[in-house]
Amino acid sequence: MDQSHCSTDQIAGYLDDDLDAAGLAEFESHLKVCSLCSSELAEQQRLLGTLSSAFTRTSEISLPTNFARVVAVNAESDMSGARTASERRRALIWCAILGGLSVALLGWTARSYVSNVVRSVSRPIGVFFDLSWTAVHDAVAGLVVVLRMISRSMIPDSYATAAFGLLLLAVAVALLSRLISNYRRLGVIE
Amino acid sequence: MSAIASPATFAPQNIAVDRDLVATALAGHEGSFEELVRRYQRPISAYVYRMVGDYDAALDLTQEIFIKIYGSLARYRPEFKFSTWIYKIAHNCAVDHLRRHQGREQSLMVGSDSDAYELPLESGRLTPEQESERKERRGEIETVVRSLPAAYRELIILRHSQDLTYEEIVEVTGLPLGTVKNRLFRARDMMRQQFVQRGITSM
């Protein structure tokens, strides 16, 4: 130890009272014989003295007189500072309740104004739907009359005529099915 | 109203007072948090000021730190020292601020006398001449501190300005003890070289 220089840890430890009893004794005995370490220690001590002196005198900066009050008020009114999830949830529920309540109260106080607006808007809408309904109703009624007239003209005068008509219809269906089957057969051959 | 706390007065009775104030603040007692702010506003603002190097930014950041502290009070565990806990929050805010203003930080890292600013200090009990001389010398020392890289500067401030122990610095910064000691030693060495260049021997 006497022949080698102290480590930076030892000098720093000595300056910070961080050496144990054995380490302290060893370091101090080394200092007695090592001028290099003594001067290094002295320089470090001078530096720390200068730093300590400078920092002691300048350890405070001037703050506005009501700084603590302002900071505390800002902190206490800051919603992001709601401390727990349950606190935040409760705050949200209260916000929703108060919001709903204020909307309801607003609606109650302005009900006459609101009802006038609703009435003035609903009147033309009602007239429009009434007119549309009448037009549709009349169109459907006209269509029914026309269909009735057409269907009445198609009803036969006697049973013989009706039987002849049915026969014609049966022949037409038979011919049509035959024509279709012929057409398909030709299509397959081609 | 209790006495204003300085970094050197974190005695056991102050620790107990802090815990009581935290408990009453959490219970909703009006004025408890304001008292906590009053006790720590000076050390925290001084720490922040030395870290960011701008008076207005330091005031804003100090306020932001206390608002964060208020928001996190429920998470504070009484087995830890309140002072260490709030320094940890202040450290995180200061680091975030420096990261956001990285360009400015670079200029601080190569600071010189030309960009030195006057420290807004409380008035002392010295004669005007003595005060003037010492102000000049303090300005030089502050310039040297500012010229250190932020990682080194913070350790010098915490250890020598705020009087935190190594263990407290480890807790605040989250660095291993060996790194803290090593960086502090290197920071002191850098400062010593600059003091020699500037002819600063003592205050």
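Each chain gets a letter, A, B and so on, in the order the sequences are listed, and its residues count up from 1.
Both tests do not hold together for B:R186 against B:Y152: distance to the six-membered ring centre under 6.0 Å, angle to the ring axis within 45°.
Atoms CD and CZ, on B:E154 and B:R50 in that order, are 13.5 Å from each other to the nearest 0.5 Å.
Of the two parts of A:V70, the backbone and the side chain both hold a non-hydrogen atom closer than 4.5 Å to a non-hydrogen atom of chain B. Heavy atoms of B:I156 lying under 4.5 Å from chain A belong to its backbone as well as its side chain. Only the side chain of B:V145 comes within less than 4.5 Å of a heavy atom in chain A; its backbone stays farther off.
In the model, B:Y40 has a side-chain atom that pairs as donor or acceptor with a side-chain atom of B:D18 under 3.5 Å.
Comment: B:R38 engages B:E35 in a salt bridge, judged by a side-chain N to carboxylate O separation of less than 4.0 angstrom. Between B:K88 and B:E171, none of the side-chain N atoms (NZ, or NE/NH1/NH2) sits under 4.0 Å from a carboxylate O, so this pair counts as no salt bridge.
If you tally non-hydrogen atom pairs under 4.5 Å between each of B:F33, B:Y166, B:F185 and chain A, the highest count goes to B:F185. Among A:L15, A:I11, A:N74, A:V73, the residue with the largest count of heavy-atom pairs under 4.5 Å with chain B is A:N74.
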